[in-house]
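These notes concern the structure reproduced below.
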Amino acid sequence: MSQDAGQGRYAGRTFAGTRYQLRDLLGEGGMASVHLAYDSVLDRQVAIKTLHTELGREPAFRERFRREAQAVAKLTHTNIVSVFDTGEDDLDGMTTPYIVMEYVEGRPLGSVLDEAVRRQGAMPADQALGVTADVLAALEISHEMGLVHRDIKPGNVMITKRGVVKVMDFGIARAMQSGVTSMTQTGMVVGTPQYLSPEQALGRGVDARSDLYSVGIMLFQLVTGRLPFDADSPLAIAYAHVQEEPVAPSSVNRALPPAVDALVARALKKNPNERFPSAEAMRDECLRVAASFRAAPPSIVPGAPTSSGAGVGSAVFPPVDGTAAAPAGPVRTPYQPTPAPGPYGGPAPTPSYGYPQHGGYPAPGPAAYAPAQGVPTPPPYTTAAEPPSGPRGGGRGGKRVIIGSVAVAVIAVGALIGALLMNNNGKKDDPEAGRATAGASSTPTKASGYRGPDTTKTIDTDECTEPQESYNDPDKIRLPDFTFKYIKSVKECFNAAGWTMKTVSVDENTYGEGSIREQFPAPGTDVDPEKMPEILFNVSTGNPPSA
């Protein structure tokens with residue numbers, strides 16, 4: 001492939017036979033390029049995104065990409081960039097998946113924000129709340145369809161010439177995070193570090209509330225002209241999302257009323273259970289707050305501080321001489337375990353069309369630490385992360401970066417207070433270990449707010465007796481996904497395969513007693529069936545989380 005083709009410059013080429021004729025390059029990055037194109041069948045302009053990485057060589061990824069694009073094509077809303085078509089074509093000997101989208105004439109929100117910052121220091125609060133409400137309207141539709149965006153940021157929001165807000169890049173990222181390619185690792189999280197929710201940074205399952213956290217970050221940025229968490233490295237930023245509290249927006253922009261502070265604070269809660277329950281609820285609050293105060297020009301406080309995440313170095317990585325260093329200052333106890341996605345899946349980001357993206361460089365080495373007694377060593381999460389587009393995005397030099405073992409590093413801090421975590425999260429060691437038995441491990445005391453088991457969430461025993469083969473090693477299997485499943489069904493599956501498990505009780509009343517909340521190793525992990533590890537499960541007690 002020529003260098004120009006490798007960079008996504010297919011101008012003059014055609015796709016789908018001769019239907020789509022590629023014209024101007026709109027944007028490109030390490031994984032994708034977007035061209036303006038002409039649809040000769042329907043006589044209209046469209047935008048075509050082509051993935052030009054090694055992902056195109058993998059049939060499993062191409063199938064996942066196709067299915068995700070089909071799901072996104074069902075999203076029809078004024079505030080969503082429409083997907084018209086998808087397919088794959090052979091370009092210079094490489095199978096290249098592509099997606100045909102609505103062509104939006106306008107500017108990325110990041111560019112609009114940059115102009116507002118130059119003129120006033122930030123975007124006026126009423127305008128920012130209006131844009132945010134429109135983004136949430138788009139998310140409301142996608143969440144109803146079971147699609148979580150996972151990369152909400154100004155670079156993925158377009159403002160048309162008529163001022164209409166358009167959210168783009170739904171779905172593609174989920175295919176990239178599906179774990180079916182040799183380029184991914186178990187627990188891989190693809191996202192922009194400045195906008196990652198804490199659960200994304202930890203490599204946990206996400207649901208719609210993860211998008212709402214990212215919207216909260218974006219709203220903070222719109223009304224203050226800066227990000228709540230920024231640092232010199234993606235790892236430090238991810239650490240800040242998990243461990244640090246953001247400052248109030250009004251401490252940066254004095255023109256903001258307390259209602260904006262309260263709205264942002266709720267959206268940025270570390271515990272997803274404490275955020276807005278839905279995009280609709282957050283949108284309603286944005287509109288209510290916008291109508292409750294008289295708009296005023298931004299009044300930016302020079303040099304107002306925001307959180308930096310700079311303490312991650314001494315807290316996670318040992319000094320050069322190898323001696324352990326104590327964390328700088330008190331380490332906040334992480335939030336209660338996040339319920340996994342329910343009806344929602346989870347995608348992750350790809351380069352935004354109309355916005356240049358960039359290549360990557362190697363990740364930092366993994367953090368060395370000794371896990372606290374009784375705390376299992378986590379899997380090696382790897383986060384491929386894009387800095388947001390534009391000078392206000394917080395990226396350094398505009399380069400794609402990869403966070404090496406973000407979750408490992410953050411959990412390393414947690415390992416220092418492992419015993420405290422076990423107490424505060426309401427977890428109690430299950431006396432039952434080793435071979436699974438048919439019933440639930442214990443009968444918890446039913447507290448106020450208790451939710452009973454959902455025994456319909458079962459898993460077929462074939463998932464254990466005939467598991468999927470590893471994509472990378474024919475001698476290994478992929479660990480099934482047991483999350484959401486009722487514990488009795490899981491134990492029957494384990495018994496059929498002769499596997500062993502250990503369970504830990506977790507107070508959680510969203511999904512009901514006996515529901516698997518988390519598993520370690522994570523779903524999709526390659527394991528040797530001849531040396532099957534003991535699987536650890538967090539199992540819901542059905543009781544509400546303890547205060």
Side-chain angles (χ1 to χ4, degrees), residues 1-42 44-75 80-103 147 149-151 156 168-184 188 190 345 347-354 357 359-360 384 386 400 468 471-472:
M1 181 186 300
S2 67
Q3 182 178 1
D4 284 350
Q7 294 174 342
R9 297 189 178 95
Y10 296 127
R13 303 289 295 269
T14 60
F15 278 76
T18 59
R19 175 173 180 175
Y20 302 113
Q21 302 167 12
L22 271 59
R23 295 179 175 174
D24 297 335
L25 179 68
L26 299 176
E28 62 180 334
M31 290 190 175
S33 296
V34 179
H35 282 83
L36 174 65
Y38 173 67
D39 182 348
S40 61
V41 173
L42 297 179
R44 63 180 176 182
Q45 291 190 113
V46 295
I48 294 186
K49 172 173 284 188
T50 59
L51 297 187
H52 50 69
T53 69
E54 292 186 1
L55 290 171
R57 299 177 181 176
E58 309 218 18
F61 169 77
R62 298 201 304 270
E63 172 61 19
R64 182 61 179 261
F65 180 85
R66 182 187 64 80
R67 286 189 282 111
E68 291 299 331
Q70 288 178 342
V72 177
K74 297 176 183 178
L75 298 178
I80 296 177
V81 173
S82 299
V83 171
F84 299 141
D85 193 11
T86 184
E88 54 187 53
D89 216 325
D90 185 84
L91 294 175
D92 298 317
M94 175 176 287
T95 301
T96 304
Y98 65 87
I99 185 168
V100 183
M101 303 175 289
E102 169 189 3
Y103 172 58
L147 289 173
H149 192 289
R150 279 201 190 175
D151 195 29
N156 276 339
M168 57 189 176
D169 270 2
F170 284 92
I172 300 174
R174 178 178 176 128
M176 295 180 68
Q177 189 178 347
S178 63
V180 300
T181 77
S182 62
M183 295 181 64
T184 61
M188 182 178 184
V190 185
T350 54
S352 308
Y353 90 75
Q357 305 293 332
E386 288 183 34
R400 171 183 292 269
Q468 293 184 6
Y471 292 103
N472 303 313

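Owing to the predicted nature of the structure, the values given are computational and were not obtained by experimental measurement.
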Can any side-chain N or O of N156 pair as donor or acceptor with the backbone N or O of D151 at less than 3.5 Å?
yes
Go through the structure and list residues passing side chain to side chain contact (heavy atoms under 4.5 Å, CB included) with Q21, not counting sequence neighbours.
T14, R23, Y38, S40
With the side chain counted from C-beta on, respond yes when V100 and D39 share a heavy-atom pair under 4.5 Å apart, and no when they do not.
no
Those residues at least two apart in sequence (or on a different chain) that pass side chain to side chain donor-acceptor pair (under 3.5 Å) with R44 are none
Between atom OH of Y98 and atom CD of E88, what is the distance when rounded to the nearest 0.5 Å?
8.5 Å
Looking at every non-hydrogen atom in both residues, tell me the closest pair between K49 and M101 and how far apart they are.
CB-CE, 3.9 Å
Which heavy atom in H149 sits nearest to a heavy atom in D169, and how many Å separate them?
NE2-O, 3.4 Å
Would a 4.5 Å heavy-atom cut-off, applied to side chains only, mark F84 and L42 as touching?
no
By side chain to side chain donor-acceptor pair (under 3.5 Å) - contacts of Q468 (at least two apart)
R478
Heavy-atom pair with the smallest gap, counting every atom of A47 and V34:
CB-CG1, 4.1 Å
Shortest non-hydrogen contact from I48 toward A37:
CD1-CB, 3.8 Å
Any idea which heavy atoms bring T50 and T96 closest together, and the distance?
CB-CG2, 3.9 Å
